[in-house]
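First the structure, in the form of structure tokens, and then the observations on it.
Source: prediction; values computed, not measured.
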Amino acid sequence: QVQLVESGGGLVQAGGSLRLSCAASGRTFSNYAMGWFRQAPGKERAFVAAISWDGSIIYYADSVKGRFTISRDNAKNTVYLQMNSLKPEDTAVYYCAATVQHNYILLAGRYDYWGQGTQVTVSS
């Protein structure tokens with residue numbers, strides 16, 4: 001089992017920044033690719049960003065490319081999502097997730113473990 005706990009969400013004005021963190025425990029963190037997903041009210045959960053176990057491969061959704069940065073610190077068992085130039089449409093609950101898979105890590109179905117989510121609200 002892997003336990004994931006997100007933090008860093010909150011209320012920010014459009015154009016502002018937030019950094020989300022996801023702390024993992026329970027298994028060897030470096031064995032897992034990590035992803036961030038988000039779910040806005042009335043919408044399906046959507047891919048945001050993903051990073052391979054060693055950080056060498058990174059993917060972003062087109063909607064966040066150039067504004068968000070995913071990173072990880074395997075020594076701290078933590079993955080981060082730096083969010084800049086936030087827009088009201090970024091408002092959602094953000095979830096981190098872990099998978100032992102190395103391919104197709106943009107897909108929510110590839111992930112085995114999920115955090116409880118952290119709310120991000122961007123006001124206009």
Side-chain angles (χ1 to χ4, degrees):
Q1 288 282 355
V2 175
Q3 293 78 43
L4 302 172
V5 179
E6 301 98 335
S7 60
L11 173 63
V12 64
Q13 288 189 332
S17 298
L18 284 174
R19 188 174 84 152
L20 305 183
S21 300
C22 174
S25 62
R27 292 282 179 93
T28 304
F29 181 67
S30 58
N31 287 346
Y32 294 84
M34 300 295 296
W36 285 98
F37 293 78
R38 66 187 181 186
Q39 187 166 18
K43 295 188 176 181
E44 293 186 353
R45 192 168 297 189
F47 169 75
V48 176
I51 187 167
S52 62
W53 67 275
D54 62 352
S56 63
I57 301 172
I58 288 175
Y59 300 101
Y60 294 103
D62 287 344
S63 59
V64 307
K65 206 171 289 183
R67 300 188 298 123
F68 290 11
T69 302
I70 188 171
S71 62
R72 66 188 295 159
D73 185 338
N74 285 347
K76 295 183 178 179
N77 292 351
T78 303
V79 63
Y80 305 97
L81 186 67
Q82 177 67 44
M83 306 186 295
N84 299 328
S85 302
L86 282 161
K87 305 175 181 180
E89 51 264 42
D90 295 318
T91 295
V93 177
Y94 283 71
Y95 299 90
C96 73
T99 178
V100 295
Q101 307 295 334
H102 298 288
N103 299 315
Y104 303 104
I105 58 175
L106 287 73
L107 302 177
R110 301 289 281 178
Y111 288 82
D112 307 296
Y113 304 102
W114 293 83
Q116 82 290 349
T118 186
Q119 176 71 47
V120 171
T121 303
V122 184
S123 62
S124 57

ask   = Is there a side-chain contact between Val100 and Asn31 (heavy atoms, below 4.5 Å)?
value = no
key: In one Ile/Leu/Val/Met/Phe/Trp/Tyr side-chain cluster, 4.5 Å: Trp114, Val120   = no
CG on Asn77 to CD on Gln3, rounded to 0.5 Å = 11.5 Å
query = Which pairs, with at least one residue in residues 54-84 and sequence neighbours excluded, count as a ring-ring contact (aromatic ring centres under 6.0 Å, His included)?
reply = none
remark   = Here the gap from Ser30 atom OG to Asn74 atom CG, rounded to the nearest 0.5 Å, amounts to 5.0 Å
request  = Please answer whether the main-chain N or O of Gln116 pairs with a side-chain N or O of Glu6 as donor and acceptor at a distance below 3.5 Å.
outcome  = yes
ask   = Taking all atoms of both residues into account, what is the closest heavy-atom pair of Gly115 and Tyr95, and its distance?
value = O-CD2, 3.6 Å
task = Over all heavy atoms of both residues, which pair between Ala98 and Met34 is shortest? Give the atoms and the distance, please.
result = CB-SD, 3.5 Å
inquiry  = Under 4.5 Å between side-chain heavy atoms, counting indirect links through other Ile/Leu/Val/Met/Phe/Trp/Tyr residues: same cluster for Trp36 and Ile105 or not?
reply    = no
inquiry  = Just so I know, are the side chains of Gln1 and Arg27 near enough to count as touching, which here means a heavy-atom distance under 4.5 Å?
reply    = no
message = Starting from Tyr94, can I reach Ile51 by hopping between I/L/V/M/F/W/Y residues whose side chains sit under 4.5 Å apart?
response = yes
note = Distance col, row Phe47:CZ vs Arg38:CZ, nearest 0.5 angstrom, shows 11.0 Å
ask   = Which atom names give the shortest non-hydrogen contact between Phe29 and Asp73, and what distance separates them?
value = CE2-O, 4.1 Å
query = Rounded to the nearest 0.5 Å, what separation is found between the CG atom of Leu4 and the OH atom of Tyr111?
reply = 11.0 Å
request  = Calculate, to the nearest 0.5 Å, the distance between atoms CD and CH2 belonging to Gln101 and Trp53 respectively.
outcome  = 16.0 Å
Nearest atoms (heavy-atom pairs only) where Ala23 meets Thr78 = CA-OG1, 4.2 Å
query = Could you state the interatomic distance from CZ (Arg72) to OG (Ser21), rounded to the nearest 0.5 Å?
reply = 13.5 Å
ask   = So do Gln119 and Thr91 actually touch side chain to side chain, heavy atoms under 4.5 Å?
value = yes
message = Regarding Asp90 and Lys87, does a basic nitrogen lie under 4.0 Å from an acidic carboxylate oxygen?
response = no
request  = Establish whether Val93 and Ile70 are linked, either directly or via other cluster members, by ILVMFWY side-chain heavy-atom contacts under 4.5 Å.
outcome  = no
ask   = Would you say Leu20 and Met83 make side-chain contact, with heavy atoms under 4.5 Å?
value = yes
ask   = Are Ser17 and Gln82 close enough that some pair of their side-chain heavy atoms sits under 4.5 Å apart?
value = yes
task = Begin with the C-alpha distance, continue with both residues' side-chain angles, and end with the deciding distance and a verdict on side chain to side chain contact (heavy atoms under 4.5 Å, CB included) for Asn103 and Arg110.
result = CA-CA 8 Å; Asn103 299 315; Arg110 301 289 281 178; 4.1 Å; yes
Neighbour count >12 (heavy atoms, 6.0 Å) for atom NZ, Lys65 = yes
request  = Identify the two heavy atoms, one from Ala24 and one from Val2, that lie closest to each other, and give their separation to 0.1 Å.
outcome  = CB-CG1, 4.4 Å
message = Minimum heavy-atom separation for Leu18 and Gly8, please, with both atom names.
response = CD2-O, 3.8 Å
ask   = Is Val12 reachable from Val64 through a run of hydrophobic residues whose side-chain heavy atoms are each under 4.5 Å from the next?
value = yes
